[in-house]
Visitor: 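Handing you a structure now.
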Number of protein chains: 2
Amino acid sequence: MKHAASSLNQILTALADPTRRAILHRLSTADARVTEIARPFRMSLNAVSKHIRVLERARLVRRRRAGREHFLSFNPAPLNDATAWMEGQRALWSARLNALDAMLQAEDRASFDSKTKGSMR
Amino acid sequence: MKHAASSLNQILTALADPTRRAILHRLSTADARVTEIARPFRMSLNAVSKHIRVLERARLVRRRRAGREHFLSFNPAPLNDATAWMEGQRALWSARLNALDAMLQAEDRASFDSKTKGSMR
DNA sequence: TTCATATTCAACCGTTAGGTTGAATATTAT
DNA sequence: ATAATATTCAACCTAACGGTTGAATATGAA
């Protein structure tokens, strides 16, 4: 897998913008056309159109054309890639904590041994 | 919670850069100093220092100073915020699918009823 | 004290990102 | 055929991003 990093880049940069997250949120409850999606925003239709393209590039949004109107739909699959990466980090992190914990427990055992040995004449 | 969006912004923009993800990956297995972190990269120390600041702003990295050296550590907590948002989208999405499914099943039942009723003279 | 090391600050530079406006294109409605 | 609608394309602007270099600061070592 050589494209994993670059696709992760696209997914995460797509998600990093609040407007795009709002669009995605909207689409996760119902499909919608470009104009419908743009309406609630205070920016131009063109600006929203650009945001949608970014989401498409990240494969978070799919487009189905029907005449002059384009229906957009949410595709949750790429979110798995993102969460997978995060889970990976957390896994490394907890592995490290477990190792540290084991080490400390071993130390405790050693200190207990030495104490009992000392007090046990 | 009014700062949630802006902190999500910071977290996701921090994660959206591959250099920063590499730094985080490195830190999730062991703490390290700035110079240590910078060494494997082909960019200047200053560039890495900047990346670290972005990660700090997102609270994904903590800094502990000891004399002239700064020890950095990974803080996984903000990843929860990010995954929580994604899980939210997926939840909406599957709710929607469930609703659609229920609707289709109801339709099937109706069509079955009308068929049996029709054949039942 | 002097020198070396660890790190940031400050200024700059090229590229990209997010936004605007205006025109182009394609489709539907009158 | 004409007009209205839905959407993108193209050019442009500004601010932010990722990077560089050079100097500043603070601490540790000789």
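Chain identifiers are assigned alphabetically (A, B, ...) following the order of the sequence lines, protein sequences preceding nucleic acid strands; residue numbering begins at 1 within each chain.
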Visitor: Following the transitive rule for hydrophobic clusters with a side-chain heavy-atom cut-off under 4.5 Å over Ile, Leu, Val, Met, Phe, Trp and Tyr, establish whether B:L8 and B:L24 coincide in one cluster.
Guide: yes
Visitor: Can you name the nearest heavy-atom pair linking A:D31 to A:R26, along with the distance?
Guide: O-NH1, 4.3 Å
Visitor: How close do B:R20 and B:A14 get, heavy atom to heavy atom, and via which atoms?
Guide: NE-O, 2.9 Å
Visitor: I need the residues from residues 17-36 of chain A with at least one non-hydrogen atom less than 4.0 Å from DNA chain C; give them sorted by number, or say none.
Guide: A:D17, A:R20
Visitor: Does a nitrogen or oxygen in the side chain of A:S44 sit under 4.0 Å from OP1 or OP2 of C:dT20?
Guide: yes
Visitor: Take the protein atom CG of A:L12 and the nucleotide atom P of C:dA17, then report the distance between them rounded to whole Å.
Guide: 14 Å
Visitor: Is there a donor-acceptor pair under 3.5 Å between the side chain of B:T13 and the backbone N or O of B:N9?
Guide: yes
Visitor: Could you state the CZ-P distance from A:R39 to D:dT5, rounded to the nearest angstrom?
Guide: 13 Å
Visitor: Distance check needed: D:dT20 C1' versus B:F41 CZ, whole Å only.
Guide: 17 Å
Visitor: What are the two closest heavy atoms between A:E36 and A:R33, and how far apart are they?
Guide: OE1-N, 3.0 Å
Visitor: Separation of B:L45 atom CG from C:dA6 atom P, in whole Å?
Guide: 10 Å
Visitor: Take atom CD1 of A:I52 and atom C1' of C:dG18, then tell me their distance rounded to the nearest Å.
Guide: 14 Å
Visitor: Under a 4.5 Å side-chain heavy-atom rule over Ile, Leu, Val, Met, Phe, Trp and Tyr, are A:V54 and B:M86 clustered together?
Guide: no
Visitor: What are the two closest heavy atoms between B:A58 and B:Q10, and how far apart are they?
Guide: CB-O, 3.5 Å
Visitor: Considering only nitrogen or oxygen atoms on both sides, find all protein atoms under 3.5 Å from nucleotides 11-13 of chain C and state each distance.
Guide:
none

Visitor: Between A:L12 and A:A82, what is the shortest heavy-atom contact and its length?
Guide: CD2-CB, 4.3 Å
Visitor: Indicate, with yes or no, if B:L27 and A:L97 share a hydrophobic cluster defined by side-chain heavy-atom contacts under 4.5 Å among Ile, Leu, Val, Met, Phe, Trp and Tyr.
Guide: yes
Visitor: Between A:R42 and B:R53, which is nearer to the 5' end of DNA chain C once each is assigned its nearest nucleotide?
Guide: B:R53
Visitor: Can you tell me if A:H51 touches the phosphate of C:dG18, counting only side-chain N or O atoms and a distance under 4.0 Å to OP1 or OP2?
Guide: no
Visitor: Can you tell me how far C1' of D:dC13 sits from CE of A:M43, to the nearest Å?
Guide: 17 Å
Visitor: Return yes when atom CZ of A:R59 has more than 12 non-hydrogen atoms of other residues, nucleotides or ligands closer than 6.0 Å, and no otherwise.
Guide: no
Visitor: Kindly give the atom pairs (protein nitrogen or oxygen, nucleotide nitrogen or oxygen) under 3.5 Å for nucleotides 26-30 of chain C.
Guide:
from	atom 1	to	atom 2	distance (Å)
C:dT27	O3'	A:R68	N	3.4
C:dT27	O2	A:R68	NH1	3.3

Visitor: Nearest whole Å is fine: how far is D:dT8 C1' from A:I37 CD1?
Guide: 15 Å
Visitor: In this structure, how many angstroms lie between the C1' atom of D:dT8 and the CG atom of A:L72, rounded?
Guide: 13 Å
Visitor: Determine whether A:F41 and A:L15 fall in the same hydrophobic cluster, where Ile, Leu, Val, Met, Phe, Trp and Tyr are linked whenever their side-chain heavy atoms lie under 4.5 Å apart.
Guide: yes
Visitor: Assess the residue pair A:E56 and A:R53 against the criterion (salt bridge (Lys or Arg N to Asp or Glu O under 4.0 Å)); give the C-alpha distance rounded to whole Å, side-chain angles, the decisive distance to 0.1 Å, and a yes or no.
Guide: CA-CA 5 Å; A:E56 273 187 291; A:R53 277 219 319 189; over 6 Å; no
Visitor: Tell whether B:N46 reaches the base of D:dG22 with its side chain through a donor-acceptor pair below 3.5 angstrom.
Guide: yes
